[in-house]
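Have a look at the structure below before the remarks.
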Amino acid sequence: MFRLLPVLALAAAVPAVAADPTPAPQITWKKTVLDRKFRSEGVAIADVNKDGKIDVLNGEYWYEAPDWTPHEMQPPMDHKDGLGNYSRVFACWADDFNADGYPDLLVIDFPGKPCYWMENPKGKGGHWAKHQVWHSACNETPLYTDLLGTGKRVLVMGYQPEGKKQEGNEGFMAYFTPDPKDPTAKWVLHPVSDPAKPGAPGTGRFTHGLGVGDVSGDGKNDVIVPSGYWEQPEKDDGKAGWKWTAAPLGEACADMFAFDVDGDGRNDVLSTSAHKFGVWAHTNPLDPKTKQPVWRTITLFGMLTSETHAAHFVDIDGDGVKDLVTGKRWWSHGRNEPGSAWNAPIYYLKATRHPDKVVSFFPVLIDDDSGIGTQFVVDDINGDKLPDVVTSNKKGVRVIVQVRK
């Protein structure tokens, strides 16, 4: 049925695409189930034991490649089937935080709770020590990414002030870096929103929608939320807030990406619905009279799948154009969400840039029974230089390897 969908319609600038216009390489996917229990809704990959093979981590266990032998990272909890339960790992990323040569794990717990990093015991066995990063991790899509273009990732998220109710509306947006003197200490806060004005957009405990990308067009990454973006300054002193620009970037969503969809040379914003149906492009053509951007939300896919609570923007098929990878966060709130009874697919939305520079998207199924959780991995796990997919969610833990014919 997907071949009948109008893949993209941008105010008559783009014709509907009836079929995939650019044949992709012959790609198939090989799925391996590592664990059928609900362990987490976030996952990471790294060579935990320094044996040259990439392992899978989700904060409860790490699974040792190549046989995926599970090892406890902390005493595991029984999250049951997830129908009415949540995990204590909503997102996680591997990095070496204490510079000992071994990958550790940065963990976002349940929204609003403290976040922490887990210290790799370097083959000594036992559970991983925890070190608090910050007292409050808000917005349901925190990011650990190279915000500043330095090659080093930082933690980007909203937070509520210490001593305040985490359900409150007194939050700030910031990025965080490890303490340079003591990696086990709380991290260093760098304001993104005005530090004198609480209640910044996108900073509530359960707020949806956060991204990093160049919306302003100055070559620097901005911090994006559905109601606008903070523009990275020429020089960030790590103390003052960034310039805020309001923009109507759609409804509650998950990861947000800056990308020129309509071919006008200016980045637009891509987003996916966290709990409903929808994959969108938010374009910003210039008004011919005022020369100011006029934001327009275009529905790319209205009913592809629901609960697309996480996404990646990477080149899956090697054609030089990034594709949007997303899927269903199965049972995000039990059976109460739109489309919650549907299956749990993962898609890559193949992007094709046409001669007029406009991009269209075509859905290609990766797997029909996995889902994505609140954060997942798209990266090369087996060393063949092809992006694979790794998920940990209410259906268990899976590695889905790309195979080229």
Side-chain angles (χ1 to χ4, degrees), residues 1-9 16-17 19-20 24 27-29 31 33 38 41-43 81-83 90-91 140-141 208-209 211 226 250-257 261 269-282 297-314 316-317 322-351 360-378 387-398 400 402:
M1 67 177 180
F2 299 125
R3 292 183 181 275
L4 300 178
L5 287 173
V7 177
L8 181 60
V17 180
D20 185 356
I27 295 175
T28 58
W29 301 88
K31 178 171 68 175
V33 179
F38 172 30
E41 292 201 78
V43 70
D81 61 4
L83 184 59
F90 268 56
E140 291 199 22
T141 312
H208 291 84
E251 58 187 271
C253 60
D255 298 274
M256 306 178 76
F257 306 96
V261 176
V269 175
L270 293 168
S271 65
T272 64
S273 179
H275 289 285
K276 299 179 181 180
F277 286 90
V279 178
W280 306 289
H282 312 285
T297 295
I298 310 299
T299 298
L300 304 181
F301 298 96
M303 297 291 288
L304 183 63
T305 189
S306 64
E307 304 173 285
T308 46
H309 209 298
H312 285 272
F313 196 46
V314 297
I316 289 289
D317 51 19
K322 290 183 178 181
D323 309 295
L324 189 63
V325 186
T326 190
K328 184 183 187 64
R329 181 193 171 194
W330 188 67
W331 282 2
S332 59
H333 292 309
R335 295 191 178 98
N336 300 320
E337 301 298 292
S340 60
W342 293 23
N343 63 345
I346 304 174
Y347 292 95
Y348 80 91
L349 307 182
K350 174 178 168 50
S360 65
F361 293 88
F362 182 85
V364 181
L365 183 68
I366 292 175
D367 189 78
D368 64 359
D369 187 30
S370 290
I372 56 169
T374 48
Q375 173 264 333
F376 67 111
V377 169
V378 179
D388 309 306
V389 178
V390 183
T391 67
S392 182
N393 55 34
K394 293 180 178 182
K395 281 187 171 288
V397 186
R398 290 162 166 78
I400 308 172
Q402 182 179 163

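- Contact of the Leu324 side chain with the Phe257 side chain is registered, since non-hydrogen atoms from C-beta on lie closer than 4.5 Å.
- The side-chain tip of Lys395 points at the ring of Trp330 from less than 6.0 angstrom away and within 45° of straight on.
- Residues Thr391 and Asp367 are not in side-chain contact: their nearest non-hydrogen atoms beyond the backbone lie 4.5 Å or more apart.
- Looking at every heavy atom in both residues, Val325 comes nearest to Tyr348 through CG2-CB, 4.0 Å.
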Take Asp323 and Val364 through the side chain to side chain contact (heavy atoms under 4.5 Å, CB included) test and state the conclusion after the steps. CA-CA 10 Å; Asp323 309 295; Val364 181; over 6 Å; no

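- Within the 4.5 Å cutoff, the side chain of Ile372 has heavy atoms near those of the Thr326 side chain.
- From Asp369, atom CG reaches atom CD1 of Ile346 across 9.5 Å, with rounding to the nearest 0.5 Å.
- Here the side chains of Trp331 and Glu307 are not in contact, with every heavy-atom distance at 4.5 Å or above.
- Side chains of Leu349 and Leu300 form no contact here, defined as non-hydrogen atoms less than 4.5 Å apart.
- In summary, of the residues considered (His309, Lys394, His275), a side-chain hydrogen bond (donor to acceptor under 3.5 Å, both in side chains) with Ser332 occurs for His275 alone.
- The residue from Lys276, Arg329, Lys328 that alone fulfils the side chain to side chain contact (heavy atoms under 4.5 Å, CB included) condition with Ser306 is Lys328.
- Across every non-hydrogen atom of Phe38 and Asp81, the tightest pair is CD2-C, 4.3 Å.
- For Gly373 against Glu41, the heavy-atom pair with the smallest separation is CA-OE1, 3.6 Å.
- In Lys322, the NZ atom is not crowded: 12 or fewer heavy atoms of neighbouring residues, nucleotides or ligands sit closer than 6.0 Å.
- Trp280 pairs with exactly one of Thr299, Leu270, Ile298, Thr272 by the side chain to side chain contact (heavy atoms under 4.5 Å, CB included) rule, that one being Thr299.
- Scanning both residues, Ala311 and Asp255, for their nearest heavy atoms gives N-OD2, 2.9 Å.
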